[in-house]
Protein chains: 2
Amino acid sequence: MPLPSRVTDLTSFDLLRSVAELGSIGRAAQAHGMSQPSASERLKTLEGRVGVTLLERTSRGARLTTSGQLVAGWAAQVLARAADLDAGITSLRADRQSHLRVAASLTVAEYLLPAWLIALRSVSPDTATVLSAGNSVHVAEQVLAQKADLGFVESTDVPQGLASRVVAHDELVLVVAPDHPWARRRRVTAAKAAATPLVSRESGSGTRQAWEQALTSAGITESAGPLLEMSSTTAIKAAAIGGIGPAVLSLHTVAADVAARTLVRVEVGEVDLHRALRAVWPSGRTPRGPASDLLTIATRSLTDRADRR
Amino acid sequence: MPLPSRVTDLTSFDLLRSVAELGSIGRAAQAHGMSQPSASERLKTLEGRVGVTLLERTSRGARLTTSGQLVAGWAAQVLARAADLDAGITSLRADRQSHLRVAASLTVAEYLLPAWLIALRSVSPDTATVLSAGNSVHVAEQVLAQKADLGFVESTDVPQGLASRVVAHDELVLVVAPDHPWARRRRVTAAKAAATPLVSRESGSGTRQAWEQALTSAGITESAGPLLEMSSTTAIKAAAIGGIGPAVLSLHTVAADVAARTLVRVEVGEVDLHRALRAVWPSGRTPRGPASDLLTIATRSLTDRADRR
DNA sequence: ATGTGCACATAGGCTGTCCCTATGCCTCTG
DNA sequence: CAGAGGCATAGGGACAGCCTATGTGCACAT
C-alpha cells in the first residue's frame, strides 16, 4: 500500500513550518528562495489537499490556525526524520574526500548514526563524514586497515587488535502478526521458538548469526530451517506483518511496528538476546579530532537515556 | 533553513521500499499504480540525487544494494511519520460524518493521537475519526455537550461531571540553546528560573498556565514577565534554538531537539513539572464501541512503555 | 479623513517534470 | 533455440509549479 499522495510533497509542509516560525508567507517564501505568490499558491493547494484552513491570513502576516498547528506539528516529525535521511545520504556520497571515515554495522547505521551525524554537524560543521556500512567483519577490516577512523559493531566479541567502548544496546526480538497464535500468549519457550521455521535473513547475516548463537548458548542444538529467506529487513517485516510467519529482528527495526500494533512482540524464554553496540578503533590509537567528537556524541546518547525519567 | 530538495519527494522513497518488499521494479510500479518505465526512471533519478547505486538490477528482478538498504531504512522512518501525518489529516477532515468524535488537547493530538488512530484502524478499519483540538476547557465542553465521544486533557484537575483515566505522562521542561550559560550547569533553582524572562506562549495557553501554577505551588509568587510571546510551539522552539532565551515546553515537543543537541534541557529545582494526560468521558457513560477501542489502545500504550527495558 | 506601507491574492505565460505507450535488449529456462 | 519475464530507452503529451506584474484589503500615521 503506497503512501497517500496528500503527504508525499514535503516542500509544502516545510513551507508551512517556515510560516509558523517567521509569521508571514512572504518571509517564508524568501527563506525558501521562492517568490511570495508561489508560496501563497502552494499553501492554498496544501489547504485544499488537507481539507481544512491552516492559516489565518491578515494584512499583518499569517498565523496558524489550531488545525494548522496540529498539521505543522505532525509534519515536523516527518521533517525531522527527513533531515536524518538527508544526513545519511550525505554520508553515503564519497564525492568530497572527507576526513572522517566511519564504518558501521547496518543496525547502527540505520538507527543511530543519522542523529549522531546531525549532532556532529553542530559541533564541527565542516566535517564531512563518509559512511561504509557492512557486517562486523567488514567494519573490523576497514578499521584495522585504517580505511575507517572509527567503527561501530554489534558483536559481543570484539575482534583482535581493536579497542572498544559500549555506546548503545540492542536486542533481538521475536515478532508475529497480531492474529498469530503466539500473539495472545506473548511468550514462548526457547525450544519452541527454535523448532519453528522463521522468516529470516540469508545465512551469514549478523542478525541471523546472533539468533543462532543465542540459541546455542541456551543449550539448544537443533533448530528448524528458515521458513523463508529474504534479503532485506523491510521485506522480512512485510512478510511477518502479512502473517507468513514469525520473524526475529532487531528491536530498533520493529519498535515502531510494535508501537503501532502491526506486529506483536513475543518474549522468548531463557535466551539472552541482548547485545551491546560498540564503537571500535585500533588499539593504542585513541581517536582524535572529529572521530573523537563522534565518539563523545555516541557515548553521550547512552547516558542521556538514563537521564530521562 | 529549508529541507534539502533531495529528500522532499517521498514518492520515490516509497517506491524504493516497495521494490525492497516485492523484489522487482515492475511489481513495485504496479503496487503504486504506475507503469514500469515510470518507476524505472524515477528510481534512476533517485539514484542520481542520492549519488550512489541503490539497486542491483538483474534479469530476474531487482535487489537493494547495501547503500540501498540503508537509504530504504532511513526512508522508512520518514514514511512512518508521514503515515502518522496522513492519519492526523484524515481526522481533521469532517467530510464523512464519522462516528467517533475525539476532542484532545494540542499536546495529545500532536504527539500521541496519530499512532493511536493507526492502531485503531487495524482494530476497526471502518471507523473514521474526527478530531477537535483545543485547550482543556474546550475538550471538557465538547465531551460534556456530547459533541465528542472521548476527550483527552492534560490538566491535573479533571473538570466536574467527567470520569477519567490516566493514559500517558507529560512533563514541562526548561530548555536553552547549547551556548546558553545554563546549558553547562544543567540545573537552576526554581527562583532563578521564575525571575528570568522566558520565551513563551501567549498567556492563557495550557503550557504557560501549567508553568505558572507549578511555580505557585512551589511557593514562588513573583515571576518575571515573558521575554517574547509567540503563538506556536514551533516558533518558540526556533527562538530558543536561536538563542533568544530559555523556553518552557512539553517534553514531547523538545525530545527530538534534546536528543539532537540543538537544545539542552535544564533541570529546575524543587518544582513538580509532571502532569498526567487523561482520557475523559461523561461520568456514568462508559465509552462503548470505537470509543472504547480507542481508550483501550491509549491505555495500552502506557503499559507498553513499562514493558520496554 | 486620507494616504501610505505592508502583506497576501490573482492573472497570464512559460518552462520543466512526470507519466504513458511502444519497443528494444538481456538473461534465464524449458 | 525459442519464449517469457524483467529492465531500459525513446518519443510525445499533459499538467503542475514558478515567475513577473498587478490588484486588494487592512492598519497605522499624519
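All heavy atoms count here, side chains included; hydrogens, waters and symmetry mates do not.
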When you compare the protein's N or O atoms with those of nucleotides 7-12 of chain C, which come within less than 3.5 Å of each other, and at what distance?
residue: C/dA7; atom: O4'; partner: A/Ser59; partner atom: O; Å: 3.2
residue: C/dC8; atom: OP1; partner: A/Ile25; partner atom: N; Å: 2.6
residue: C/dC8; atom: OP2; partner: A/Gly26; partner atom: N; Å: 2.8
residue: C/dA9; atom: OP1; partner: A/Arg57; partner atom: NE; Å: 3.3
residue: C/dA9; atom: OP1; partner: A/Arg57; partner atom: NH1; Å: 2.9
residue: C/dA9; atom: OP2; partner: A/Ser40; partner atom: OG; Å: 2.3
residue: C/dA9; atom: N7; partner: A/Gln36; partner atom: NE2; Å: 3.1
residue: C/dA9; atom: N6; partner: A/Gln36; partner atom: OE1; Å: 3.4
residue: C/dT10; atom: OP2; partner: A/Lys44; partner atom: NZ; Å: 2.8

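The CG atom of A/Leu43 sits 14 Å away from the C1' atom of D/dC18 (whole-angstrom rounding). Between B/Arg63 atom CZ and D/dG6 atom C1' the separation is 16 Å, expressed in whole Å. A/Leu22 has its CG atom 17 Å from the P atom of C/dC6, to the nearest Å. The interatomic distance linking B/Gln30 (CD) with D/dC7 (P) rounds to 12 Å, in whole Å. Computed from coordinates, the A/His32 NE2 to D/dC18 C1' distance equals 15 Å when rounded to whole Å. As rounded to whole Å, 11 Å separates atom P of C/dC18 from atom CG of A/Asp9. Put simply, CD on B/Glu56 is 15 Å from C1' on D/dG6, counting in whole angstrom units.
Residues satisfying the salt bridge (charged side-chain N to carboxylate O under 4.0 Å, His left out) test with A/Arg60, not counting sequence neighbours, are none. In terms of the salt bridge (charged side-chain N to carboxylate O under 4.0 Å, His left out) criterion, residue partners of A/Arg81 (sequence neighbours excluded) are, by chain and number, A/Asp84. Under the side-chain contact (heavy atoms from CB on, under 4.5 Å) criterion, B/Lys147 pairs with B/Gln142, B/Ala145, not counting sequence neighbours. Residues that satisfy the salt bridge (charged side-chain N to carboxylate O under 4.0 Å, His left out) test with B/Glu229, not counting sequence neighbours, are B/Arg208. Partners of A/Thr66 according to the side-chain contact (heavy atoms from CB on, under 4.5 Å) rule, which considers only residues two or more places apart in sequence or in another chain, are B/Leu106, B/Ala133.
Few gaps surround CZ on B/Arg6; more than 12 heavy atoms of other groups in view lie less than 6.0 Å from it.
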